[in-house]
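Values below: every heavy atom of this structure, side chains too, minus hydrogens, waters and symmetry copies.
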Amino acid sequence: MGYLKFDVKGTKQFVSDNELEEIQPTISMADLELRKHTGAGSDFTDWLDLPKNYDRSEFNRIKKAAEKIKSDSDVLITIGIGGSYLGARAVIESLQDSFIQLKDKREFPLVLFAGNSLSGQYLHELLQILDNKDFSINVISKSGTTTEPAIAFRIFKNLLETRYGKEEAKKRIYVTTDSSRGALKQVADSEGYEEFVVPDGVGGRFSVLTAVGLLPIATAGIDIDALMEGAFNAYKDYQDSNIENNDAYLYAALRNILYRKGKNIELLENYEPNLMYFAEWWKQLMGESEGKNQKGIYPSSANLSTDLHSLGQYIQEGRRNLMETVIRIVNPKYDVDIPKVGNDLDQLGYLEGKSLNYVNQKASEAVRLAHNDGNVPVMIIDLPKEDAYSVGYLIYFFELAVAISGYVNGVNPFNQPGVEDYKVNMFKLLGKPGY
């Protein structure tokens with residue numbers, strides 16, 4: 001069934017075996033469209049075989065570029081928005097030390113992000129961080145004209161050239177863009193920057209396992225060979241269209257059955273704080289893939305047990321339009337035991353000698369029982385470990401699931417026409433020529 005464990009006990013009272021049997025033909029048809037590349041948006045389905053067919057030559061160049069950045073830079077500024085940065089940030093924050101920025105000595109460069117907002121305050125504070133640090137930049141954009149990253153690129157390119165001179169600055173600029181066209185491609189060609197490719201057949205939110213995500217991830221010291229191996233094994237494990245043998249398809253089936261019963265909001269929840277940005281990547285993946293034609297499951301997230309003390313009341317007793325998907329790490333990298341003390345004023349004596357991970361796991365079990373009692377379906381994904389292999393596996397699980405889920409719900413999971421609408425209004429208000 002796969003490397004991860006997909007626990008659906010928390011859906012049994014909401015979804016019958018008959019409903020799963022009835023949706024199987026629709027799942028099989030969606031699988032056929034996806035595998036044969038005949039469904040809507042098929043021009044953007046190259047991510048499907050990417051873990052098997054990725055460009056090994058470029059992959060090796062990515063690793064070499066990461067080694068150079070490690071040798072000459074304290075910081076890598078990754079410039080991009082949406083899928084051009086969320087995947088990399090999700091992986092890095094999932095696998096790095098939570099307090100890496102506070103460490104005086106680091107083995108790898110600090111990877112920081114720009115071009116994902118229009119906040120002058122954020123950019124000013126980021127520029128101040130670089131005052132006494134050597135840095136490089138990786139600008140990621142298919143076109144090179146997306147407003148947020150284009151502005152950031154101008155600013156950081158100017159800073160590099162001012163500090164190091166034009167020729168040295170060229171050696172510190174890495175461009176990930178279209179293979180043959182676009183403004184950024186023209187700039188990179190004319191200036192001689194090292195270039196990596198945003199594949200034509202891979203949309204931004206599916207691009208984390210391409211150079212888009214891999215260069216910053218490798219620079220942060222994460223094993224991208226293991227990341228790709230995890231994705232490849234998920235690719236192999238999820239070939240069967242039968243939901244009894246394919247947990248990614250079972251997840252897609254359950255989401256759609258629950259959606260048709262009015263569960264139109266899905267919360268992705270975790271019990272490890274460093275998975276917060278994984279949820280941000282997941283929200284783009286799900287929301288941009290499914291939110292079309294006046295339908296789709298709204299993706300949200302919660303960080304537990306923290307948010308049980310804020311959102312917990314609503315989840316338990318608010319409107320009954322929620323479903324939950326929980327990511328749990330079975331064996332975290334580290335753990336802490338609860339110490340023994342001379343008195344029991346805090347009433348924790350019954351936990352003395354137990355580990356925080358043990359308490360965390362019991363809390364998650366208690367939450368599932370409570371939320372089931374409150375009429376909330378709960379699906380749980382148990383990952384054996386939190387490492388590069390596991391994260392690569394999980395990325396592919398979700399990418400495959402949302403593709404099937406979108407087809408089942410009758411939408412094109414690979415376009416995002418609504419994303420452009422606000423830009424027209426913004427360009428008019430800013431006085432851009434032609435608008």
Side-chain angles (χ1 to χ4, degrees), residues 37 41-66 69 76-92 111 113-116 136-153 156-157 173-219 224 227-228 231 281 284-285 288-289 392 395-396 399 403 412-417 419-420 423:
H37 302 279
S42 59
D43 288 347
F44 287 91
T45 54
D46 286 356
W47 59 270
L48 183 65
D49 300 318
L50 185 67
K52 177 182 178 183
N53 297 333
Y54 66 91
D55 185 336
R56 265 66 176 181
S57 175
E58 182 179 62
F59 189 81
N60 288 328
R61 284 202 303 115
I62 289 169
K63 291 197 284 188
K64 288 179 181 178
I69 296 167
L76 173 68
I77 302 295
T78 299
I79 300 172
I81 196 167
S84 294
Y85 97 101
L86 274 172
R89 188 161 191 178
V91 174
I92 291 169
V111 179
F113 296 88
N116 49 57
S136 297
I137 63 176
N138 174 208
V139 56
I140 305 163
S141 176
K142 185 80 168 169
S143 66
T145 58
T146 303
T147 306
E148 295 90 340
I151 290 173
F153 181 44
F156 285 100
K157 177 175 176 285
I173 296 174
Y174 301 84
V175 171
T176 308
T177 190
D178 192 271
S179 62
S180 59
R181 60 187 181 274
L184 186 55
K185 171 65 176 173
Q186 291 179 40
V187 171
D189 286 349
S190 64
E191 297 288 349
Y193 303 145
E194 182 159 8
E195 298 179 41
F196 301 96
V197 174
V198 181
D200 288 335
V202 181
R205 59 189 175 275
F206 290 86
S207 66
V208 59
L209 299 177
T210 71
V212 170
L214 293 176
L215 179 56
I217 290 169
T219 300
I224 59 174
L227 189 76
M228 296 304 292
W281 169 80
Q284 187 203 4
L285 179 71
E288 212 167 70
S289 296
I395 285 168
Y396 193 82
E399 288 180 344
N412 177 354
F414 307 114
N415 67 354
Q416 54 279 340
V419 171
E420 302 300 317
K423 295 180 183 178

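- The one candidate from T78, I77, I69 that meets the side chain to side chain contact (heavy atoms under 4.5 Å, CB included) condition with I137 is I77.
- Without hydrogens or angle criteria, T176 side chain to V197 main chain gives no donor-acceptor distance under 3.5 Å.
- Between R89 and L86 there is no side-chain heavy-atom pair separated by less than 4.5 Å.
- With sequence neighbours left out, R61 forms a side-chain hydrogen bond (donor to acceptor under 3.5 Å, both in side chains) with E194.
- Contact check for I62 versus F196: side-chain heavy atoms found under the 4.5 Å cut-off.
- In this structure, F414 and W47 have tilted ring planes: the angle between them lies in the 30° to 60° band.
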- Task: Determine, step by step, whether I217 and I92 satisfy the side-chain contact (heavy atoms from CB on, under 4.5 Å) criterion, reporting the C-alpha distance in whole Å, the side-chain angles of both residues, the deciding distance to 0.1 Å, and the verdict.
- Result: CA-CA 6 Å; I217 290 169; I92 291 169; 4.2 Å; yes
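- In this structure, S289 contributes its side chain and P413 its backbone to a donor-acceptor pair below 3.5 Å.
- Across G83 and S207, no two heavy atoms sit closer than the pair O-OG, 3.5 Å.
- Within the 3.5 Å criterion, the main-chain N or O of P417 finds no donor-acceptor partner in the side chain of N415.
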- Item | side-chain contact (heavy atoms from CB on, under 4.5 Å) between F113 and I79, intermediate numbers included | CA-CA 6 Å; F113 296 88; I79 300 172; over 6 Å; no
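- Considering every non-hydrogen atom in both T146 and S141, the closest pair reads OG1-OG, 4.2 Å.
- Side-chain atoms of E148 never come within 3.5 Å of backbone atoms of I81 as a donor-acceptor pair (strictly under, hydrogens ignored).
- Of the possible polar contacts, one joining the Y396 side chain to the L48 backbone as a donor-acceptor pair under 3.5 Å is found.
- Under the salt bridge (charged side-chain N to carboxylate O under 4.0 Å, His left out) criterion, the residue pairs touching residues 200-209 are K142-D200, R205-E288, with sequence neighbours excluded.
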- Given the rule in the side-chain contact (heavy atoms from CB on, under 4.5 Å) test, do I224 and L209 qualify, once you have shown the distances and angles that lead to the verdict? CA-CA 9 Å; I224 59 174; L209 299 177; over 6 Å; no
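- Counting only distance, with no hydrogens or angles, the side chain of N138 and the backbone of Y174 share a donor-acceptor pair below 3.5 Å.
- The heavy-atom pair separating K185 from R181 by the smallest distance is CB-O, 3.4 Å.
- When all heavy atoms are compared, the tightest approach of A211 to E58 is CB-OE1, 4.0 Å.
- Donor-acceptor pairing under 3.5 Å is lacking for the side chains of S143 and D178.
- Remark: the backbone N or O of Y54 is paired with a side-chain donor or acceptor of R56 at under 3.5 angstrom.
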- Quick one: do Y85 and I140 satisfy side-chain contact (heavy atoms from CB on, under 4.5 Å)? Show the steps, please. CA-CA 8 Å; Y85 97 101; I140 305 163; 6.0 Å; no
